[in-house]
Amino acid sequence: MGHARAAAALTKATEGARADPRRCQNATMPTDSILKIKPLGFPWETIDPFLTCVYHEDAYPRANGRMGPDAPLAGRELGRDFSRKDGWSMYHGESIPGFPAHLHRGFETVTIVRKGLIDHSDSLGAAARYGHGDVQWLTAGGGVVHSEMFPLLDPTAPNPLELFQIWLNLPAAAKMSAPYFTMFWSEAIPRRVAADALGRATEITVIAGRLSDAASGAAPAHAEVPPAPPPDSWAARADADVAIWTIRMAPGARWTLPAASGEGTRRSLYFFKGRSVTVAGRELSRPAAIELLGKSAVELINGAGDSEFLLLQGKPIGESVVQYGPFVMNTQAEITQALADYRRTQFGGWPWPDTAPVHGREPSRFARRPEGREERPPTTALTPAVR
């Protein structure tokens with residue numbers, strides 16, 4: 001999500017955080033389980049095998065007749081509006097918010113849409129409309145151009161949007177794999193509701209990685225297993241130990257995050273909503289990125305009010321990373337080659353009538369593959385597991 005300008009800003013921000021210790025604000029280590037605590041910025045800093053994470057929460061107003069916001073756009077720098085004026089941005093969209101056609105090579109995007117809808121279109125001719133808990137996992141591989149627009153469909157009420165987009169690196173052997181995307185429809189994503197001794201609930205949504213009992217380990221009978229990631233993904237390797245979970249805790253709830261199963265797994269827990277939480281004995285009262293020791297189970301104790309977290313973990317790929325805007329490769333020569341390949345092939349061209357296509361006013365979710373095969377969400381949803 002976002003094209004070269006946004007990616008360049010992302011790289012600059014990340015490099016700045018590394019270079020300036022005042023921006024890192026690393027906390028002293030309160031327990032052996034916590035390695036580092038940093039304030040959340042934009043985008044969120046991540047660690048190998050992840051490249052970055054962007055969180056969007058936009059309070060879009062009611063829709064106009066063109067699937068855009070029924071509100072004046074004066075005062076916004078259209079085409080690059082990240083202003084959050086009135087609680088929302090147009091991003092790179094000019095009449096409909098979102099990210100018109102932009103290119104990627106050498107990594108994956110995992111887009112988790114918690115509220116609202118995204119319309120996907122790409123250079124392979126594929127299209128999708130997804131949201132309300134759905135996830136799209138896109139392997140850019142050797143190169144793809146796609147757009148991600150946020151159509152506003154309700155003309156009588158607000159159109160809130162909330163999403164994460166996570167960039168997951170590809171190892172050198174998979175950098176030039178064929179572009180591919182898979183849909184994880186909300187109805188097929190496993191969820192667990194864990195109640196503590198006083199019945200206070202913690203809900204875990206498992207997008208990648210097996211969730212097993214902290215006490216019983218990886219017992220198959222007590223594990224939530226999500227749909228399979230794309231075949232060339234680092235997450236498709238069992239030894240990569242990649243996990244992507246969202247966690248919502250009721251006021252006062254207690255829950256123990258199980259230890260990672262892999263050797264050398266690194267993990268970050270992002271506390272992004274809530275008043276306060278205690279993580280491994282350390283109380284936090286503001287949003288934070290917490291790097292945790294992978295081999296340790298970690299107790300979370302929520303304060304007053306609901307709290308929410310994102311967990312990202314995985315075994316590091318451990319290869320050099322050279323990023324130039326939307327290209328993430330291993331060497332500068334590969335970046336030069338990516339630019340030449342795009343100029344020569346346009347990564348398949350752009351088969352759509354404009355750079356910001358949307359898929360009509362019908363709210364139904366769907367995915368249409370390049371060969372024309374269409375899929376829809378399942379008609380029944382998985383029942384959350386109660387532990």
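By convention here, the first residue in the shown sequence is residue 1. The structure presented is a predicted model; accordingly, all values stated were derived computationally and were not measured.
With a 4.5 Å cut-off on side-chain heavy atoms, V193 and T202 do not count as touching. The side-chain heavy atoms of R66 and I96, taken from C-beta on, include no pair separated by under 4.5 Å. N302 is not listed as a side-chain neighbour of F309, based on a closest heavy-atom distance of 4.5 Å or more. Using a 4.5 Å cut-off on side-chain heavy atoms (C-beta onward), V145 and W350 make contact. At least one side-chain heavy atom of R282 sits under 4.5 Å from a side-chain heavy atom of I37. Inter-residue side-chain proximity for F271 and V277 is flagged as met; some heavy-atom pair is nearer than 4.5 Å. Between I207 and P226 there is no side-chain heavy-atom pair separated by less than 4.5 Å. R368 has its side chain out of reach of E375: every pair of non-hydrogen atoms, C-beta onward, lies at least 4.5 Å apart.
The two atoms that bring I189 and V206 nearest to each other are CG2-O, 3.5 Å, heavy atoms only. When all heavy atoms are compared, the tightest approach of P69 to P61 is CB-CG, 3.8 Å. The two atoms that bring W234 and L170 nearest to each other are N-CD2, 4.5 Å, heavy atoms only.
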Practice item. Check the pair H146, F99 against ring pair (Phe, Tyr, Trp, His ring centres under 6.0 Å), reporting the backbone distance first and the verdict last. Key: CA-CA 9 Å; H146 75 152; F99 294 83; 9.4 Å; no
Practice item. Would you sort out whether E187 and R365 count as a salt bridge (charged side-chain N to carboxylate O under 4.0 Å, His left out), showing the intermediate values? Key: CA-CA 12 Å; E187 293 84 348; R365 297 131 63 213; 2.8 Å; yes
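Checked by atom type, the side-chain pair E108/W167 shows no donor-acceptor distance below 3.5 Å. Side-chain contact check for D232 and T139: no donor-acceptor pair (N or O, by modelled atom type) lies under 3.5 Å. With 3.5 Å as the limit, one finds no donor-acceptor pair spanning the side chains of D119 and Y130. When only modelled atom types and interatomic distance are considered, T278 and R254 share no side-chain donor-acceptor pair under 3.5 Å. Y55 and E162 are linked by a side-chain donor-acceptor pair at a separation below 3.5 angstrom, with hydrogens and angles left out of the test.
In this structure, T256 contributes its side chain and P258 its backbone to no donor-acceptor pair below 3.5 Å. With D134 contributing its side chain and W185 its backbone, the two residues share no donor-acceptor pair below 3.5 Å. R343 places no side-chain N or O within donor-acceptor distance of the main-chain N or O of A338, the cut-off being under 3.5 Å. Judged by distance alone, with hydrogens and angles left aside, the side-chain atoms of Q313 form a donor-acceptor pair with the main-chain N or O of D241 at under 3.5 Å. In this structure, the side chain of D58 does not engage the main chain of Y60 through any donor-acceptor pair within 3.5 Å.
Of the charged side-chain nitrogens involved, none lies within less than 4.0 Å of a carboxylate oxygen, so that R210 and E224 do not count as a salt-bridged pair. A salt bridge does not link R275 to D306: none of the charged nitrogens lies less than 4.0 Å from a carboxylate oxygen. Of the charged side-chain nitrogens involved, none lies within less than 4.0 Å of a carboxylate oxygen, so that R369 and E371 do not count as a salt-bridged pair.
Aromatic ring centroids of F164 and H56 lie 6.0 Å or more apart. Residues F181 and H120 bring their aromatic ring centres within 6.0 Å. Taking the six-membered ring for Trp and the full ring otherwise, the centers of H104 and F327 sit at least 6.0 Å from each other.
By the side chain to side chain donor-acceptor pair (under 3.5 Å) test, T111 pairs with Q165, sequence neighbours left out. Scanning for side-chain contact (heavy atoms from CB on, under 4.5 Å) contacts around K295 gives L293, with sequence neighbours left out.
In this structure, CG in L168 is found 11.5 Å from CG in L138, a value given to the nearest 0.5 Å. Here the CZ-CG distance, from R267 to L257, works out to 4.0 Å after rounding to the nearest 0.5 Å. Once rounded to the nearest 0.5 Å, the distance linking CZ of F150 with CG of N159 reads 13.0 Å. Atoms CZ and CD, from R80 and E94 in turn, are 11.0 Å apart once rounded to the nearest 0.5 Å. Here the CZ-CE distance, from R129 to M183, works out to 12.5 Å after rounding to the nearest 0.5 Å. Expressed to the nearest 0.5 Å, how far OG of S147 lies from NE2 of H102 amounts to 8.0 Å.
Checking each of S268, C53, P287 against W44 for a side-chain contact (heavy atoms from CB on, under 4.5 Å) leaves exactly one that passes, namely C53.
Clustering ILVMFWY residues whenever any of their side-chain heavy atoms sit less than 4.5 angstrom apart, transitively, puts L161 in the very cluster that holds F82. In the hydrophobic cluster analysis, where Ile, Leu, Val, Met, Phe, Trp and Tyr join through side-chain heavy atoms closer than 4.5 angstrom, L311 is grouped together with L284.
Within 6.0 Å of CZ on R200 lie more than 12 heavy atoms contributed by other residues, nucleotides or ligands.
Figure legend: R76 and W88 shown as a cation-pi pair, the cationic atom lying under 6.0 angstrom from the six-membered ring centre and within 45 degrees of its axis.
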